Every structure is written in C-alpha cells, then in structure tokens.
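Below is one structure, written out as structure tokens; the observations come after it.
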Amino acid sequence: MGIEPGRLQFSWISSAESTKFVEVVTQVTNAIRALGPNPDFTKKLAEVA
Amino acid sequence: MLSYAEKIREIAGRLLASGAVNMVIGFRQGTIPMMNEPHFAKNPAEAAKLVWDSHCGINLANYLTDRKEKIGIVAKGCDSRNIVTHIIENKIKREQLVVIGVPCQGMVDKRKIALKCPGEITAVIETETQVTATGNGFSQSFDKKDVLQHNCSLCIHRNPVIHDELVAAPVEEQKGIDRYADVRAVEAMSPEQRWKYFEDLLSPCVRCYACRNACPLCYCPTCFVDESRPQWVGKGQDPSDVRTFHFLRAYHCAGRCTDCGSCERSCPVGINMRVFTKKLEKDCLDLFGWEAGLSLDVRPPLDVYRPSDPNDFIK
C-alpha cells in the first residue's frame, strides 16, 4: 500500500501472556513514536476562500 | 465462437419449454455497440433474444445471489468459477442450477477499440478472429487477440470448471502465461513510490461503486461503505477515504477473486483496480497453492486451518 516499513506490526499474544503484551505494546509505541506522525493519513479540511 | 449463440438459444429454449428451469440468465444485445447486457429469459420466446459474441464480459454469477428458483445460467470459465464460489459460500445450491458452459476465447476491451478509433463507434461486427468497428466516416478492423481485455489475455481457465451442458468443444487453454508481471512491478517499488503509484491510480475515482456492484463476490446486504452507524469510511472524495474503500473492497475478495475483470470493465473512469485483487490472488497462490473456484470439494484457504499454513508473521 505504501506505508513505510515498521509502521504496521503484527503479533500473536495469548490472553495468558500479559507480560508479552506489555512488552510488545511498549516496543511498538516506541518504534512508532520514533517514526513520527504520518501526514498521509490525515484528512485535510476543506479550504475556505 | 460465433456459432455459440445459436446453440445457447437452442439449449435455453429447450430448458424453459420442458420446465427444467424457471429462468435462463444470459446476454442480449446492448443498446450501444460492445455493451451486451444481462438477459433474464423466462419463456422460450424470450430465449430467442440471447446472444453471444466478444462483448459478454460481465460476470453473470452476480445475479445468482440468494435466488430460490431453478436457473439456467450461461457461464464462461470465470463465471463458472464464481458460480462454484457462490455454491461454496451457500449463496445458491448446485441442484438449482443448470450451467450452460461456454468455452471462452476472451472478451474484447471496448476501451482499447474506442481509443484507436477517430470518432464515436456506431456499429461493431466480428468474425472468428477480427472485430470491425465503424462510425461516421471510418471503419477499422482489429485482430481480436490485440484488443482483448487484459485479464482475458492472461486467462488460464477459459473452459467452464462445472457445466451441465456445453455449447461447443472445450478450447485450448493458454500455456506459459506470466500472470503476475504487473503485481511484481508494484511489489518492487519503494514504499514512497508505491504510495504515489496508488494515489495516481485512484485519483480519478468518483466513488460510484460500479466495481463493487459488478462483482459477484460483493453480496453483503449492507456494504461497509453504505453503513452510517457506525460510519466505517468517509463518503467523500478525500484521498484517504477513496484509498480505504479500494483496499477494503479488495481484501473482501481475498481467496475468492477469479480475476473475471468485471470491476475494471464496469469502471466509468477506467481505473485498473485489478492490481489490488491480483496481488491477493498471487499471495493465495504463493502461500496456499490456491486458485479460487476450481472445485466444489475443497474449502477456501481462509476458512480452514492446515498445519502447513505459513505463520512467519507471528512474533
């Protein structure tokens, strides 16, 4: 689709794996923060003259 | 192939007269050249209007969804694969159908012909190998194989996979076709190039949903784009909404699309949205060895678990 690599991540976490869940969420959040916002996904407001 | 029409009319007339079916779905002459329209014949007299030529590109499996009566249906290779998909997905029962199989030699792309003609085409006649388009002050002939729909030129399942009647002997299947050159070209792009490529591809889209309506796979009672509570996707022309529509539409066809080309054919602005469904088709073939609609006995890869399923994505 043209999303930069790293912005989309998949993981498989069982409902019993709470520590893995925390680890993955922390790691993904940090990775995405480092990438910064993606302006391609924001809708532009209609331009008013 | 031009003799097919006579045979189709004969079979349809026979089925309707004997009461074996309540309706035969086929094609009749459209109101403008190269645009044959679906025809629903309910008695032998109406069956006489059935035609067959190189402009029967619409996928007739689209008209089978949830029908209750007995139906005779004219089916090319791709139509028959979508009929199989419909049966597997419980949208119609095999016992309700009499499939009139048509060994197909590909459908002609009306845009390719229109682009090469200097004015409006008012009549088109065809022989076994050629089509001739005439209009005000011009008459041009084309070899059929040069003006085939892109999906037809790459087709490797021209003969119907299921049929009760066959209008002619099976045609030879195309061999040694590289079906996915265009998908590989997109795969080879960098993310930025790909973003730009899809932006250009989708920029003319007017959100008319013709691609969805022409597709036999799109039969949800309420499509996600029409839902308003919740509203999954914006309804305007914003590029992110257009993109969301096209990607989600394609994903709903994963493992089901037969590349019949109805979506591209029906698009009023000529977007080749088949690049999306073809990528999914290629992935299904690479990952699961699956081609949609070839057998009534095998469940599609997305609704069965096999120990050999690829799972490298799990981290």
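Below, read A as the first sequence line, B as the second, and so on, with proteins coming before strands; counting in each chain starts at 1. Quick caveat, the model's predicted, so the values are computed rather than measured.
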Residue by residue, which of [range] have a heavy atom closer than 4.5 Å to a heavy atom belonging to chain A?
range                       : value
residues 267-285 of chain B : none
residues 226-238 of chain B : B/Gly234, B/Asp238
residues 198-212 of chain B : B/Phe198

Could you give me the CA-CA distance, side-chain angles and deciding distance for B/His157 and B/Glu291, then say whether side-chain hydrogen bond (donor to acceptor under 3.5 Å, both in side chains) is met? CA-CA 10 Å; B/His157 296 288; B/Glu291 286 179 282; 3.2 Å; yes
Nearest 0.5 angstrom please: [X] [atom1] to [Y] [atom2], how far?
X        : Y        : atom1 : atom2 : value
B/Cys155 : B/Ile177 : SG    : CD1   : 9.0 Å
B/Arg249 : B/Cys215 : CZ    : SG    : 6.0 Å
B/Met107 : B/Met34  : CE    : CE    : 14.0 Å
B/Asp178 : B/Leu154 : CG    : CG    : 8.0 Å
B/Tyr251 : B/Leu248 : OH    : CG    : 9.5 Å
B/Leu60  : B/Ile83  : CG    : CD1   : 8.0 Å

Which pairs, with at least one residue in residues 77-90 of chain B and sequence neighbours excluded, count as a side chain to side chain donor-acceptor pair (under 3.5 Å)? B/Asn59-B/Asn82, B/Thr65-B/His86, B/Lys76-B/Asp79, B/Asn82-B/Thr258, B/Glu89-B/Tyr219, B/Glu89-B/Arg256
Do B/Asp146 and B/Lys112 meet the salt-bridge criterion of a basic N to acidic O distance under 4.0 Å?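 Answer for the salt bridge query: no.
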Could you tell me whether B/Asp109 and B/Arg265 make a salt bridge, using a distance below 4.0 angstrom between a side-chain N and a carboxylate O? no
Hey, which of B/Gln193, B/Lys196, B/Arg243 has the most heavy atom pairs under 4.5 Å with chain A?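 Maximum pair count with chain A is reached by B/Arg243.
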Which heavy atom of B/Val225 sits nearest to which heavy atom of B/Phe245, and what is that distance?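 Minimum heavy-atom separation between B/Val225 and B/Phe245: CG1-CD1, 3.4 Å.
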B/Met35 atom CE, neighbour heavy-atom count above 12 within 6.0 Å: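 No, not enclosed.
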side-chain contact (heavy atoms from CB on, under 4.5 Å), that's the test. Do B/Gln149 and B/Val108 meet it? Break it down for me. CA-CA 5 Å; B/Gln149 285 184 194; B/Val108 156; over 6 Å; no
